[in-house]
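Notes for the one structure printed next.
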Amino acid sequence: MAVLLLAEVTDGALSMDATAKAVSAAAKLGDVTVLCAGAKAADAAKEAATIAGVSKVLCAEDALYGHRLAEPTAALIVSLAGSYSHIVAPATTDAKNILPRVAALLDVMVLSDVTAVVDADTFERPIYAGNAIQTVKSSDAKKVITFRTSTFDAAATGGSASVENIGAADNPGLSAWVEDKTATSDRPELTSAGIVVSGGRGVGSKDDFAIIEALADKLGAAVGASRAAVDSGYAPNDWQVGQTGKVVAPNLYVAVGISGAIQHLAGMKDSKVIVAINKDEEAPIFQVADFGLVADLFSAVPELTGKL
Amino acid sequence: MKVLVPVKRVVDYNVKVRVKSDGTGVDIANVKMSMNPFDEIAVEEAVRLREKGVVTEVIAVSCGVTQCTETLRTAMAIGADRAILVETNAELQPLAVAKLLKALAEKEGPHLFIMGKQAIDDDSNQTGQMLAALLDWPQATFASKVEMTGDTVNVTREVDGGLETLALQLPAVVTTDLRLNEPRYVTLPNIMKAKKKPLDEKTPADYGVDVTPRLSVAKTTEPEARKAGVIVKTVDELVAKLKEAGAI
């Protein structure tokens, strides 16, 4: 069995955490070849080669792959697909965009957000916002899979796989990149952070989100948000934790002013320790919290920040 | 300009589903069913484009059991002009739905598909991307803004790092994210009007599509439940508990 793994490469940089977690999941299926594609990808490829369990790295460096457009990247993967039994990636927004396109071109299904590998054809994946876990068996000749990274440990480093440069595939020329609006932050990345502090509708405004951010900074944590907070404009979209946002499983998750809708719980209930701060003692978040504090967040959170 | 909007009938988002004790699936008997929320956003966006005069016709499509007509009537109550039901009792997986939609596109000749990024039942997040691939059209998934200009559509997408804007040549496939719009409330007069709008009924055989599932479900289980912990009285107690647990 041979596995082709699409590494998460953004602006030339490898997302080590997501990629290494996907490698540890993929290693159960066979020999892992990692594909790094980007306008710049050489550094990412070198770094990917150090992940233990990677047997080879393919580096496709071309302007065509600079802005994660689905059409050219899917065409590249399809051009390589012949040699592999499994085509996999961490379940990031990029991979969720690209892999179903690859699968349809190969006339196979995708196994999305896989949380466990049973055998080469059989996998576990959550449905209904994680309220049920399905064990599914694929009858397709090739398996296309995205792995939910929060359920796999990252593969160690220390490997020394060979890196092979490969040429670009044909350009379908169907779409063009216009612009990115991304905020840079010194905080840890949300899906790989050891501690996450999230705010919900209860925070009340964009300005008051500073209370959440101050606690996060004190803890060296990433900042998250509920859908309600993002919809209300208190927090940017890439902070959303939940069924259709990011799925996190940090050592400590602090939910502030979040009621705990099932869609939010789907994104954080695998956290090791959950703290809930909410003034409504009936809030469902308390049913999953290890430690609950029924209090007004505007006094409790600054007090907590001060006492840490 | 024609827009096709696929809509799926799913368990209502407020319902917490129960796994059947024999592990054969999820119990959806007598559970409230609704339109997939992302699809509702898709219908709303298509109707707004028609209201702006950019689009001339909005066609809602659903693949599945007879009761999907209710979902299609809802789409028409929001403002879709007509609807097509591809009726089947067979289990439909994303690849099969994408193939049905491709066949429909070849019959109807739309310039644009707007559809939900994922259904909240199987959480697959695949059908739009697969449809774009099968048609060899460009795709823009997870849209938070859609602007039509001549024969291109500019789409702002919600991605892991923030937002990204793409320009797609038409025809194209766009899948919706939560922030694209807030669907309108359906009014009674519009529900009455929707009952008179045309609804065509077809079957997968009419399109010559093989919908055989590729994935078989071996079992369905409950996730491990978390136990509720303790309620602390003060911030000091919380800090002490967190230290005790080694969390900070």
Side-chain angles (χ1 to χ4, degrees), chain A residues 10 70-71 74 92-93 96-97 100-101 103-105 108-110 112-113 122 126-140 174-183 219 227 231 236-238 244 251-252 262 269 273 286-294 300 303-304 307-308, chain B residues 11 13 16-17 19 26 93-95 98 118 120-126 129-130 132-134 137-142 144 154 158-169 178-179 214-223 226 228-232 235-236 238-239 241-242 245 247-248:
Chain A
T10 308
E71 301 85 8
T92 59
T93 49
K96 286 178 176 179
N97 186 34
R101 192 169 180 107
L105 294 172
V108 301
M109 275 285 292
V110 181
S112 309
D113 272 313
T122 316
I127 54 170
Y128 287 98
N131 283 306
I133 309 293
Q134 264 185 351
T135 305
V136 281
K137 191 174 165 68
S138 165
S139 59
D140 283 325
L174 297 166
S175 63
W177 172 81
V178 178
E179 64 171 349
D180 281 343
K181 276 189 191 153
T182 50
L219 287 164
R227 178 197 167 176
D231 281 1
N237 65 277
D238 50 310
T244 70
N251 290 324
L252 174 61
I262 52 174
K269 67 183 164 59
V273 175
F286 287 120
Q287 289 163 21
V288 300
D290 299 283
F291 306 115
L293 177 62
V294 181
E303 187 187 343
L304 179 59
K307 284 179 174 166
L308 286 167
Chain B
V11 171
Y13 78 101
K16 188 172 186 301
V17 295
V19 174
V26 161
Q93 292 178 349
L95 183 60
Q118 102 186 39
I120 60 165
D121 50 3
D122 60 19
D123 284 331
S124 286
N125 191 339
Q126 298 172 14
Q129 297 89 312
M130 287 180 156
L134 296 175
W137 290 5
Q139 68 187 54
T141 49
F142 325 143
S144 66
N154 276 31
E158 295 196 356
V159 295
D160 281 339
L163 297 169
E164 172 195 63
T165 305
L166 301 180
L168 311 184
Q169 289 170 21
L178 295 167
R179 260 67 65 177
R214 304 296 188 83
L215 306 180
S216 59
V217 179
K219 62 174 177 185
T220 306
T221 52
E222 289 248 23
R226 273 192 94 95
V230 295
I231 295 288
V232 295
V235 169
D236 288 321
L238 176 61
V239 173
K241 289 276 187 198
L242 286 174
I248 52 170

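Residue numbers start from 1 in every chain, and the chains themselves are labelled A, B, ... in the order their sequence lines are given, proteins ahead of strands.
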Pick one of side chain, backbone, both or neither for [X], based on which atoms fall under 4.5 Å of a heavy atom in chain A.
X	result
B:A247	both
B:L168	both
B:V19	side chain
B:L238	side chain

Relative to chain B, which segment of [X] carries a heavy atom at a distance below 4.5 Å: side chain, backbone, both, or neither?
X	value
A:L252	side chain
A:I262	side chain
A:A176	both
A:L293	both
A:A183	backbone
A:E71	side chain

_Does either side chain, that of A:T244 or that of B:Q118, offer a donor lying less than 3.5 Å from an acceptor on the other one?_
no

*Between B:Q129, B:Q93, B:E158, B:K16, which shows the greatest number of heavy-atom pairs under 4.5 Å with chain A?*
B:Q129

*asked:* Restricting to side chain to side chain donor-acceptor pair (under 3.5 Å), what partner residues turn up for B:T165, sequence neighbours left out?
replied: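 Here the qualifying residues are B:T156.
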
